[in-house]
Student: 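To start, I am sharing the structure in question, which I have written as structure tokens.
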Amino acid sequence: MKQARLRNKKTQQQIADQCSISKSMLSKIENGQTSAAVATLSKICEALDVPLSWILDGHPETDLVLLPKSNRQYRVGNENMGYSYELLANRSRFSGIEPTIVHVTPKDTNLRHEPYTHSQDEFIYVLEGSIHLLYDDKKHLMVKGDTAYFKGTKPHLFVPVDNDGAKVLTVFIDGGL
């Protein structure tokens, strides 16, 4: 619970006030020195934006998330819009990191020209093929093995270089830069 609070950049006082409990009570709950009613835990979870089941099931933040290839979620959007993607891990509520593989559509079928923006920072690694990374009105050629790290709040787009398409490991990171 404490780790969730720190990830949300909240003080004990802020969460306690939001939940109508004392800071001392919240401290004792966080440190396992007292148990709390489910209603109180529910309020705390709501304030921390975590599911109550996380607290009640006792999942530590260090849980291992294994996701065999056969269980990965593969989403094919409208490939004419430039990409489809594969989620590589079910993002933990605490991690703030979402790894995916973006499958960039071949040049002749890619109709996407408008850049994207989002709140997360982004790390990319070109696994296969090549792309032009359009970032903040500049065009950067990236080939297999190249990496980039950038703010998602700036306009960006992966543009295929040829009809072979490309595969890009993309890691979305909350906060950062």
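The first residue in the sequence is number 1, and the count goes up from there.
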Student: Quick one: which residue pairs count as a side-chain hydrogen bond (donor to acceptor under 3.5 Å, both in side chains) with a foot in residues 157-172, not counting sequence neighbours?
Tutor: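 Residue pairs passing side-chain hydrogen bond (donor to acceptor under 3.5 Å, both in side chains), neighbours aside: Asp108-Asn163.
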
Student: Nearest 0.5 angstrom please: Glu122 CD to Phe158 CZ, how far?
Tutor: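 Going from the CD atom of Glu122 to the CZ atom of Phe158 covers 4.5 Å.
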
Student: Nearest 0.5 Å please: distance from the CD atom of Gln14 over to the CZ atom of Arg5.
Tutor: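 Spacing of CD (Gln14) from CZ (Arg5) equals 9.0 Å.
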
Student: Atom NZ of Lys144 and atom CG of Asp146: how far apart are they, to the nearest 0.5 Å?
Tutor: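 The NZ atom of Lys144 sits 12.0 Å away from the CG atom of Asp146.
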
Student: If you count the non-hydrogen atoms of other residues, nucleotides and ligands that lie under 6.0 Å from CD in Gln13, is the total more than 12?
Tutor: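 Counting neighbours around CD of Gln13, more than 12 heavy atoms of other residues, nucleotides or ligands fall under 6.0 Å, so yes.
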
Student: Holding to side chain to side chain donor-acceptor pair (under 3.5 Å), I want the full list of residues that pass it with Asn31, two or more places apart in sequence or in another chain.
Tutor: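 Scan of Asn31 (side chain to side chain donor-acceptor pair (under 3.5 Å), adjacent residues dropped) gives Ser27.
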
Student: What's the spacing between Leu133 CG and Lys139 NZ if we round to 0.5 Å?
Tutor: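 Going from the CG atom of Leu133 to the NZ atom of Lys139 covers 11.5 Å.
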
Student: Give the minimum heavy-atom separation between Pro160 and Pro106, together with the two atoms involved.
Tutor: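 Answer, listing the atom of Pro160 first, then Pro106: CG-C, 4.0 Å.
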
Student: Taking all atoms of both residues into account, what is the closest heavy-atom pair of Ser130 and Ala166, and its distance?
Tutor: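 It is O-CB, 3.8 Å.
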
Student: Cluster question for you: counting only ILVMFWY and a side-chain heavy-atom cut-off of under 4.5 Å, with indirect links fine, are Leu169 and Tyr149 together?
Tutor: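 Result: yes, single cluster for both.
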
Student: Please determine which of Val102, Val143, Val104 meets the side chain to side chain contact (heavy atoms under 4.5 Å, CB included) test together with Ile131.
Tutor: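 In the set Val102, Val143, Val104, the residue that makes a side chain to side chain contact (heavy atoms under 4.5 Å, CB included) with Ile131 is Val104.
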
Student: For the atom pair CG (Asp136) and OG1 (Thr117), what is the distance rounded to the nearest 0.5 Å?
Tutor: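 Those atoms lie 11.5 Å apart.
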
Student: Could you check if a side-chain atom of Val168 sits within less than 4.5 angstrom of a side-chain atom of Met142, using non-hydrogen atoms only?
Tutor: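 The answer is no, as the side chains (C-beta and beyond) never meet within the 4.5 Å cut-off.
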
Student: Is any side-chain heavy atom of Asp121 less than 4.5 Å from a side-chain heavy atom of Phe150?
Tutor: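 With C-beta onward as the side chain, the pair stays apart.
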
Student: Give, for atom OG1 of Thr11 and atom CG of Leu26, the distance between the pair rounded to the nearest 0.5 Å.
Tutor: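 One gets 9.0 Å once the value is rounded to the nearest 0.5 Å.
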
Student: Using side-chain heavy atoms (C-beta onward) and a distance below 4.5 Å, is Val161 in contact with Lys107?
Tutor: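 A side-chain contact is absent here, since even the closest heavy-atom pair is not under 4.5 Å.
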
Student: Quick one: are Ile173 and Gln120 in side-chain contact, heavy atoms under 4.5 Å?
Tutor: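 Side-chain contact under 4.5 Å: no.
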
Student: Any side-chain heavy atom of Ile15 sitting closer than 4.5 Å to one from Asn8?
Tutor: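 No; the side chains remain at least 4.5 Å from each other.
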
